[in-house]
Amino acid sequence: MRVAIIGGGWAGLSAAVELAKAGVRVTVFEAAKQLGGRARSVEVQGQRLDNGQHILVGAYRETLRLMQEVGADPERLLRRLPLELSFPAGQPLPFHLRLPRLPAPWHLAFGLLAARGVRLSEKIRAVRFMRWLKVAAYRIGEDCTVTALLDRHDQHGSLRHHLWEPLCLAALNTAPAQASAQIFVNTLRDSLGSGRAATDLLLPAADLDRLFPAAAANFIRARGGEIHLSTRVEAIDPGPGVRGESFDHAVVAVGPQHAAALLARHEATIASAQLLAGYTFEPIGTVYGGYPPQVRLPLPMLGLDHRAGGQVGQWVFDRGALCGTAGVMAFVLSGHGAWEALDNAALTAILHHQLAVTLDRRLPAMLWSQVIRERRATFCCRPHLRRLSARTTRAGCWLAGDYVCAEYPATLEAAIRSGVAAAREILLSESLPVARRASASGGNSAPQFPRHG
């Protein structure tokens with residue numbers, strides 16, 4: 001059996017790995033010059049950085065499994081830390097929350113009760129909120145916005161500003177006033193509402209290529225697969241056929257806007273193409289700042305409080321602490337905002353000032369900076385957004401991508417899970433053995449705080 005994978009991002013590579021493991025010959029077609037899609041490495045100032053600073057969490061089970069499968073050791077490439085959110089410039093008081101290494105659910109209860117910069121009444125309401133979600137089996141009924149859900153459960157004050165809303169923006173890359181409350185609750189279920197290890201932050205200690213794409217490519221080639229870079233696929237011919245070659249199946253693993261263009265070329269999938277064409281998108285900005293090597297953060301990741309002067313960044317990461325590139329800071333800007341209208345020089349200057357306010361000290365000037373803007377980084381994860389499944393209405397044509405993983409927002413784990421699901425559907429359709437079954441939960445529990453990733 002031969003399978004074409006159209007798209008060499010994390011979804012396409014995960015499908016290819018799962019199929020290659022089962023002995024299927026796969027051919028990956030990638031339009032770009034490198035693998036990784038929207039989570040790839042770039043060369044900046046002679047250093048290997050990423051097109052966006054990503055965060056993984058302990059709940060990314062399929063990502064961790066596939067990393068091990070292809071020989072990318074998570075223990076070596078990811079730095080595991082307890083969930084710790086710190087806003088030194090928080091308003092009206094500095095905010096700090098750290099989950100202790102206790103069994104669930106005590107880790108969350110003790111973490112919330114010990115949080116600094118939060119009134120006791122807020123802490124009690126937050127515990128009640130999580131308890132209500134658990135009793136309701138994390139189903140909220142009619143979907144609504146995250147803002148409406150938080151209002152309904154009296155989640156206000158410091159915890160709302162420093163915990164719930166930042167987690168929503170980080171996980172869904174959509175502002176709480178527009179974001180799906182049910183999808184947000186799904187991410188809470190599989191992180192804060194799950195085992196203690198699921199809440200751990202897994203911060204990359206290497207560039208994104210080394211986390212998965214490079215090792216996946218070696219794994220695929222070692223099992224007879226092929227990878228064609230700089231090779232754009234304009235259409236899927238009957239058969240299916242791709243670029244003059246015949247295959248038994250084709251997996252479309254590109255972004256929703258590109259998938260819509262491919263699906264619209266065939267009558268059987270026009271309805272799916274029209275649905276995807278209606279998606280809107282959210283941007284992500286990453287600003288790298290190169291400071292003198294002695295500039296460090298007190299933690300690998302700090303929150304940048306918006307209300308301290310109306311600044312634009314949400315998080316800053318110390319790449320020196322994570323990757324050994326001393327003095328390199330990565331500022332993250334999620335979703336639509338005022339930052340989009342700023343030119344690179346103005347944006348960098350504001351973030352520099354915001355970091356100085358956060359650290360409460362004067363900083364030396366940046367030695368260099370690099371602004372990366374992904375204008376269509378993720379789909380807008382709004383309430384009632386219709387999602388497609390891996391199986392299309394065209395025989396032999398399948399979908400993979402974070403927008404296919406219906407319970408979750410656009411994260412690396414969602415992309416991985418969608419690719420694995422497409423591969424397993426193909427194997428089952430051909431009555432071939434599935435190399436490894438999903439977990440007892442059906443393989444659907446997942447992640448999420450960023451993309452950030």
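All figures in this text were calculated on a predicted structure; none of them were measured in a lab. Values reported hereafter were calculated over all heavy atoms of this structure, with side chains retained and with hydrogens, waters and symmetry mates removed.
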Residue pairs passing the ring pair (Phe, Tyr, Trp, His ring centres under 6.0 Å) test with at least one member in residues 62-94, sequence neighbours excluded, are F87-H162, F87-W315
Residues at least two apart in sequence or cross-chain that pass side chain to side chain contact (heavy atoms under 4.5 Å, CB included) with C380, listed by chain then number, are T174, T280, E282, R382
Looking at [X] and [Y], does any basic side-chain N land under 4.0 Å from a carboxylate oxygen?
| X | Y | answer |
| --- | --- | --- |
| E62 | R417 | no |
| R48 | D209 | yes |
| D402 | R387 | no |
| R65 | E413 | no |
| D50 | R319 | yes |
| R38 | E374 | no |
| E407 | R189 | yes |
| R221 | E226 | no |

For R101, does the CZ atom have more than 12 heavy-atom neighbours from other residues, nucleotides or ligands under 6.0 Å away?
yes
Where [X] and [Y] come nearest, the two heavy atoms and their spacing:
| X | Y | result |
| --- | --- | --- |
| S14 | A415 | OG-O, 3.9 Å |
| F317 | L203 | CE2-CD2, 4.2 Å |
| L172 | A179 | CD2-CB, 3.7 Å |
| L208 | G52 | CD1-O, 4.0 Å |

W368 meets the ring-ring contact (aromatic ring centres under 6.0 Å, His included) criterion, sequence neighbours left out, with none
Which of parallel (below 30°), tilted (30 to 60°) and perpendicular (above 60°) describes Y403 and Y279? perpendicular
Query - Over-ring placement of R223 relative to F219, 6.0 Å and 45° cut-offs - result: yes
